[in-house]
> 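Just passing along the structure, written as structure tokens.
These values consider heavy atoms only, across backbone and side chains, with no hydrogens, waters or symmetry-generated copies.
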Amino acid sequence: MSPGAEMGIVLLAICALLVTTVFVGIRRREKTGGLGQVRPPAPEHVRRITELRDEDYDLVLRGGARVNGVSATWPFASLLVSRTQIELRVQVLVPIRIARAEVTGVRRVRGPFSRGVKFQTESGRLDKVSFWPVGKAAKQLAELGWY
């Protein structure tokens with residue numbers, strides 16, 4: 001085989017890898033909403049989410065968060081909790097509003113140095129979202145009906 005043919009095969013392999021990478025990236029973005037973003041909730045849950053002022057929430061927790069590949073450390077993330085909805089605010093990202101009816105469970109997760117929470121949903125839209133509060137938030141969330 002000539003050196004030119006070998007180079008052509010190598011270039012063809014590199015192009016195939018590039019096309020595959022772009023295709024997988026586009027599919028992932030469609031599925032997850034993009035880096036640091038979350039898909040919107042289903043229409044039946046959107047109706048249950050209301051625009052609340054900060055003082056209307058029963059509990060405000062500060063901490064860190066990880067949202068679909070974007071991490072924020074304390075104090076750049078806050079979780080505002082009421083009995084009917086939660087809002088996760090991470091600086092430089094769009095706030096994520098979560099209706100209580102959408103959540104099927106709150107799961108505790110462990111990191112190397114702290115404990116966090118993840119919200120489980122049937123749709124899986126919050127699978128790549130976790131909040132790492134300062135202190136023990138699981139008990140406070142359970143008192144407000146989030147368990």
Side-chain angles (χ1 to χ4, degrees), residues 7 9-147:
M7 183 59 82
I9 291 172
V10 169
L11 287 175
L12 186 62
I14 290 173
C15 288
L17 183 63
L18 180 63
V19 167
T20 302
T21 304
V22 168
F23 179 74
V24 168
I26 289 170
R27 295 290 296 162
R28 183 173 183 268
R29 199 170 322 127
E30 287 173 0
K31 191 175 183 181
T32 62
L35 189 66
Q37 297 180 0
V38 175
R39 291 183 320 222
E44 63 268 15
H45 300 302
V46 170
R47 289 186 282 267
R48 297 173 188 221
I49 296 174
T50 59
E51 192 79 28
L52 295 178
R53 298 178 313 215
D54 289 358
E55 57 268 8
D56 294 334
Y57 287 98
D58 300 316
L59 175 66
V60 177
L61 300 168
R62 286 241 180 246
R66 184 160 176 86
V67 179
N68 199 12
V70 174
S71 294
T73 60
W74 179 89
F76 299 112
S78 58
L79 191 71
L80 292 84
V81 184
S82 75
R83 292 189 181 279
T84 58
Q85 73 184 39
I86 282 182
E87 183 172 332
L88 175 61
R89 294 182 185 165
V90 179
Q91 257 182 334
V92 306
L93 297 180
V94 175
I96 300 168
R97 292 188 179 94
I98 307 163
R100 177 65 188 102
E102 179 182 11
V103 175
T104 58
V106 177
R107 186 172 55 123
R108 294 182 200 182
V109 292
R110 286 182 162 253
F113 305 109
S114 62
R115 295 180 183 167
V117 292
K118 289 183 80 102
F119 299 98
Q120 297 173 316
T121 62
E122 286 183 19
S123 68
R125 85 175 185 101
L126 301 173
D127 285 351
K128 298 203 179 271
V129 176
S130 55
F131 179 72
W132 303 87
V134 175
K136 297 180 179 178
K139 183 179 178 185
Q140 294 172 306
L141 289 170
E143 288 172 356
L144 291 172
W146 294 85
Y147 43 80

> Closest approach of E102 and P41, non-hydrogen atoms and distance?
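Looking at all heavy atoms of both residues, the shortest contact is OE1-CB, 3.8 Å.
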> I need the L59 CG to L144 CG distance, nearest 0.5 Å.
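Answer rounded to 0.5 Å: 6.0 Å.
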> Passes side-chain contact (heavy atoms from CB on, under 4.5 Å), D54 versus R89? Steps please.
CA-CA 11 Å; D54 289 358; R89 294 182 185 165; 2.7 Å; yes
> Might you point out which heavy atoms bring F131 and L61 nearest each other, and give the distance in Å?
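So the minimum-distance heavy-atom pair works out to CZ-O, 3.6 Å.
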> Give me the atom names and distance for the closest heavy-atom approach of A65 to V90.
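Between these two residues, the closest heavy atoms are CB-CG2, 3.8 Å.
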> What's the separation between atom CE in M7 and atom CG in L12, rounded to the nearest 0.5 Å?
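Those atoms lie 13.0 Å apart.
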> Look at the side chain of N68 and the backbone N and O of Q37, then say whether any donor-acceptor pair between them is shorter than 3.5 Å.
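Yes; judged by distance alone, with no hydrogens or angles, the pair exists.
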> How many angstroms lie between atom OH of Y57 and atom CG of L79, to the nearest 0.5 angstrom?
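Rounded to the nearest 0.5 Å, the OH-CG separation comes to 9.5 Å.
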> Distance from L80 atom CG to E55 atom CD, nearest 0.5 Å?
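So the CG of L80 and the CD of E55 are separated by 10.5 Å.
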> May I ask you to decide if Q140's main-chain N or O and W146's side chain share a donor-acceptor pair within less than 3.5 Å?
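No; zero donor-acceptor contacts below 3.5 Å.
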> Name the residue from H45, Q85, E51 that meets the side-chain hydrogen bond (donor to acceptor under 3.5 Å, both in side chains) definition with R97.
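When side-chain hydrogen bond (donor to acceptor under 3.5 Å, both in side chains) is applied between R97 and each of H45, Q85, E51, only E51 qualifies.
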> Just how far is it from atom CD of Q120 to atom CZ of R107, taken to the nearest 0.5 Å?
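The CZ atom of R107 is 5.5 Å from CD of Q120, to the nearest 0.5 Å.
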> So which atom in A99 and which in I49 form the shortest heavy-atom distance, rounded to 0.1 Å?
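Taking every non-hydrogen atom into account, CB-CG1, 3.7 Å.
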> Return yes when atom CD of E44 has more than 12 non-hydrogen atoms of other residues, nucleotides or ligands closer than 6.0 Å, and no otherwise.
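Yes, the 6.0 Å shell around CD holds more than 12 heavy atoms from other groups.
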> Which pair of non-hydrogen atoms, one from V134 and one from W74, has the smallest distance, and what is that distance?
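Nearest pair, atom of V134 first, then W74: CG2-CD1, 3.3 Å.
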> A side-chain contact here means heavy atoms from C-beta on lying under 4.5 Å apart; do E143 and V81 qualify?
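No. Closest side-chain heavy atoms not under 4.5 Å.
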> Which pair of heavy atoms, one from P133 and one from G116, lies closest together, and at what distance?
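Minimum heavy-atom contact is CD-CA, 4.0 Å.
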> Apply the test side-chain contact (heavy atoms from CB on, under 4.5 Å) to residues V109 and W132: give CA-CA distance (whole Å), side-chain angles for both, the deciding distance (0.1 Å), then the verdict.
CA-CA 9 Å; V109 292; W132 303 87; 3.5 Å; yes
> In a check of side chain to side chain contact (heavy atoms under 4.5 Å, CB included) between F119 and each of D127, T104, I96, I86, which one passes?
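Passing option: I86.
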> Determine whether R100 and T84 satisfy the following criterion, side-chain hydrogen bond (donor to acceptor under 3.5 Å, both in side chains), listing intermediate values before the conclusion.
CA-CA 5 Å; R100 177 65 188 102; T84 58; over 6 Å; no
